[in-house]
Each structure stands twice: as structure tokens, then as C-alpha cells.
Amino acid sequence: MTNTVLSVDQLTQVVPIGQSDQTTTILKNISFKVQKGELVSIVGPSGSGKSTLLYSISGITRPTSGTVTIAGVNPYQLKPNQLAAFRRQIIGFIFQQYNLIQSLPVFENIVIQQRLSHQQPKRSEIEQLLTKLNFAGQIDGAVETLSGGEQQKVAIARTILTDCDVLFADEPTGALDSVSKSIIFTYFKEMVAKGKTVIMVTHDIELASQTDRAIVLKDGQVQQIVPEPSLEAIYAALDKVGVRDVDDQLVTVKAFLASMASNNTGFCNGWFNPRFLFNGNCECGGVAAS
């Protein structure tokens, strides 16, 4: 029986540029596999396609060509209601921009997926989780009053509560202080110790050096996969491809999202709306069963 949880084969992402007939290739023939119980980091320079890759391999953004299978399932072959159920049961995603619902308090943001799955949230469980994450806000307070770091903790808590088998995380510690960063990363390691799988995009080379493998990306291509990476090994890999700037400004991703939305190519902005992620309903017409 295979332990492969994620398989990516010849994945390519091509998008149009604005309203013109020109296109740009963001990801080029990417292939790799991730095993059950692995903690894998994706590193690279600004504009290398890291976040676009994460969206493409997690069932959020359909690639132009190539195949993706998660737990033996190609998410892009599922019907909308099947995909919504697959997300609730198998996949977790931590967004860099949090994707919290500003009209709901902290507690309701965290338990939204439980409610959509017709489960009864346990307040004491949520309180314990927030304490473990070193959350400094009020559980019944408005998320809009929180700092970026505290909002990120709410988004992380929301995903942790799903007990997903495969967690995709886009810069999950980017807004956190060093203490909170260590707490979150320790939790990721506890997840993989229990047989879960974590794939994270990060510009933090220190964290990447503590993962099982580091995928080095540049210009939309995998340049090297570093097993059991150390700080020295990752820096050497980045030096080899002429890269030492790992500050991710998401330049490529923003251009990608804008072009997909403006050209009506099947991309739905609602995929980045928590309601659509959790029950398939979005404001621009995408519908899946809750």
C-alpha cells in the first residue's frame, strides 16, 4: 500500500495577461510526491510561483495541464458538491490573508466549518486551543479589532479544528512574533508525528531547515528538492540558482489572480471566501452541497 498523499505530475499553469492575447507561464512542468507524515516546505524568491503552486496542488486553482492527486483523488475531477465535501473531510488550508469573516466574532470564525458540517462546537475545546496558540484577544471579540498576528492565529485555529489529513499553509507564520511562530511550528510537527501531512510555503529559512524536505522554486520550476535540509543546505541550493532573496511579496500570484478573474477563465473569486471553502456557496454563483 502506497504512503503517497500528494502526487503532482507535469503541472503547468499558464494565464492570460490582462485583456490581451498574450499569456505568461507561471508554473512549468512541476512534478513531485509527498508522503504521509511528511512536513515539506516550499521556498524561493519573490515571484517564483510558490503560492500559485500551493493553490494549484491543493484543489483551489485548476492547473492548465498536468495532474494532481490528494489521498488518491484528483480534486479537479470532482463535482462541486463532492469537492466541498472533500475539503471538509481531507484538506485544510491556511491562507496568508487569513480569510476571516469580519462580521463574525472570533469564536464563530473558528467553528464555522463545524457548524456547516452540522457538528456541535465545544467552547472549552476552542478556549484550550486558543490558549495553546498563545492567543491574546477575546474569544467573543470582533476579528477586525485584532492585530494581523492574532487574526492569523484565528485562521490557524479554524484549520486545526478540522483535524484534516493534509494541511496546506501559505506563509502561516509570516505575521507572528518569534514565540508564536515557534508554537505554531511545533504544532505542525505534532501533526506529522500523528501521521498528518503538512505542505507549507515560507520565506523563513530557519523554519524550512526544520522540515523533512525543502522544495526550492525559481521562475516557476523546481530547481532542487533538499532532503533533511539544514540552513547551510538550503542556502547552498538558493545560491546555486542565484537566489538569496526569499522575501515573498506575491507579485506573481496577484497578477495571476487578477488575470484569471478579469478573463473569465473559470477562476472564481469565491474560492477565497471562507463560505465557499467550507460549504461550496460563493457570492459569484459557485454552488455545492453543504
Side-chain angles (χ1 to χ4, degrees), residues 34 37-55 57-58 60 91-100 106 109-110 129-137 143 146-164 166-194 196-217 226 228-231 233-235 237-238 243-251 253-254 272 274 277:
V34 177
E38 271 198 300
L39 174 53
V40 176
S41 56
I42 301 174
V43 300
S46 173
S48 61
K50 299 188 297 298
S51 292
T52 303
L53 176 60
L54 200 68
Y55 296 144
I57 66 177
S58 60
I60 290 181
I91 301 171
F93 201 109
I94 297 173
F95 290 91
Q96 186 178 13
Q97 300 303 323
Y98 322 135
N99 278 23
L100 301 176
V106 169
N109 265 282
I110 293 173
L129 176 58
L130 289 175
T131 298
K132 184 175 182 180
L133 296 181
N134 198 32
F135 179 67
V143 294
L146 300 175
S147 67
E150 298 309 304
Q151 289 194 45
Q152 193 160 40
K153 292 175 188 177
V154 174
I156 291 171
R158 179 181 63 191
T159 304
I160 287 175
L161 197 62
T162 67
D163 193 31
C164 58
V166 186
L167 173 62
F168 298 92
D170 190 9
E171 299 284 4
T173 62
L176 302 180
D177 59 60
S178 59
V179 174
S180 298
K181 177 175 68 174
S182 177
I183 291 171
I184 299 303
F185 192 71
T186 297
Y187 192 89
F188 288 169
K189 291 193 287 188
E190 290 175 357
M191 287 181 63
V192 299
K194 296 176 182 178
K196 309 291 187 179
T197 303
V198 179
I199 302 106
M200 71 170 188
V201 163
T202 184
H203 68 270
D204 192 321
I205 302 304
E206 182 180 356
L207 288 186
S209 71
Q210 300 175 56
T211 61
D212 297 312
R213 287 187 294 158
I215 299 173
V216 180
L217 206 65
V226 184
E228 300 181 356
S230 63
L231 278 171
I234 297 177
Y235 278 126
L238 293 171
V243 173
R244 287 299 290 266
D245 172 21
V246 291
D247 183 27
D248 188 357
Q249 301 299 323
L250 294 181
V251 174
V253 176
K254 289 179 179 178
F272 293 87
L277 284 170

Heavy atoms only: give me the nearest [X]-[Y] pair and the separation to one decimal.
X: S58; Y: I91; value: O-CD1, 3.6 Å
X: P229; Y: A208; value: CG-O, 3.4 Å
X: S48; Y: G44; value: OG-C, 3.9 Å
X: V226; Y: A237; value: CG2-CB, 4.0 Å

Does any part of the side chain of [Y], heavy atoms only, come nearer than 4.5 Å to the side chain of [X], both counted from C-beta?
X: I110; Y: L130; value: yes
X: Q97; Y: D170; value: no
X: M200; Y: L207; value: yes

For the pair [X] (side chain) and [Y] (backbone), establish whether a donor and an acceptor sit closer than 3.5 Å, ignoring hydrogens and angles.
X: T162; Y: R158; value: no
X: T202; Y: E171; value: no
X: E38; Y: R213; value: no
X: Q151; Y: L146; value: yes
X: K50; Y: L217; value: no

Pairs under 3.5 angstrom only: tabulate donor-acceptor contacts from the side chains of residues 176-186 to other protein residues two or more places apart or in another chain.
from : atom 1 : to   : atom 2 : distance (Å)
D177 : OD1    : V179 : N      : 3.0
D177 : OD1    : S180 : N      : 2.7
D177 : OD1    : S180 : OG     : 3.2
D177 : OD2    : S180 : OG     : 3.4
S180 : OG     : K153 : NZ     : 3.0
K181 : NZ     : D204 : OD2    : 2.8
T186 : OG1    : S182 : O      : 2.8

Can you tell me how far apart CG (L231) and OG (S209) are? Round to the nearest 0.5 Å.
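Answer for the CG-OG pair, L231 versus S209, is 4.0 Å.
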Would you please indicate yes or no on a ring centroid separation below 6.0 angstrom for F93 and Y55?
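Yes, the ring of Y55 comes within the 6.0 Å limit of the ring of F93, centre to centre.
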Can you sort out the partners of [X] under side chain to side chain donor-acceptor pair (under 3.5 Å), two or more places apart, ordered by chain and number?
X: S41; answer: T211
X: N134; answer: none
X: K189; answer: none

Walk me through whether I60 and F168 qualify under side chain to side chain contact (heavy atoms under 4.5 Å, CB included).
CA-CA 11 Å; I60 290 181; F168 298 92; over 6 Å; no
Assess the residue pair L133 and I160 against the criterion (side chain to side chain contact (heavy atoms under 4.5 Å, CB included)); give the C-alpha distance rounded to whole Å, side-chain angles, the decisive distance to 0.1 Å, and a yes or no.
CA-CA 11 Å; L133 296 181; I160 287 175; 4.2 Å; yes
Would you please name every residue forming a side chain to side chain contact (heavy atoms under 4.5 Å, CB included) with A175, sequence neighbours left out?
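If we apply the side chain to side chain contact (heavy atoms under 4.5 Å, CB included) test to A175, skipping adjacent residues, the hits are Y98, Q152.
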Could I get the full list of side chain to side chain contact (heavy atoms under 4.5 Å, CB included) partners for V192, not counting sequence neighbours?
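Per chain and number, V192 pairs via side chain to side chain contact (heavy atoms under 4.5 Å, CB included) with L39, V198.
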Is it the case that more than 12 heavy atoms not belonging to E190 sit under 6.0 Å from its CD atom?
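Atom CD in E190 is packed in, count exceeds 12.
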Which one of V166, I215, L167 satisfies the side-chain contact (heavy atoms from CB on, under 4.5 Å) criterion with I199?
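So, applying the side-chain contact (heavy atoms from CB on, under 4.5 Å) to I199 and each of V166, I215, L167, only V166 qualifies.
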